[in-house]
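Quick note: residue numbers are just sequence positions, from 1. Source: prediction; values computed, not measured.
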Amino acid sequence: MAVNGAIILAAGSVAVFLQRRPTWIRWQRWVTGTLLGAVGVKLAIDAPAPAVTT
């Protein structure tokens, strides 16, 4: 319970910090979008392994 409480307090502090700094929010959105786009490209490029027939 103490760990969960600490996580909640830390998340609230981070939220307040980010809310006061719009540059951080823009940076976070850019990084998140880039990572999601990279995952999408990786999934689109990867071909499934061929089925093994015996």
Enquirer: Would you kindly confirm whether Ile25 and Trp30 end up in one hydrophobic cluster when ILVMFWY residues are joined by side chain heavy atoms under 4.5 Å apart?
Expert: yes
Enquirer: Transitively linked via ILVMFWY side-chain contacts under 4.5 Å: Ile45 with Leu36?
Expert: no
Enquirer: Cluster question for you: counting only ILVMFWY and a side-chain heavy-atom cut-off of under 4.5 Å, with indirect links fine, are Phe17 and Val31 together?
Expert: yes
Enquirer: About how many Å separate OG1 of Thr23 and CG of Leu18, when rounded to the nearest 0.5 Å?
Expert: 11.0 Å
Enquirer: Taking the side chain as every heavy atom from C-beta outward, state whether Val39 and Leu35 have any pair of such atoms under 4.5 Å apart.
Expert: no
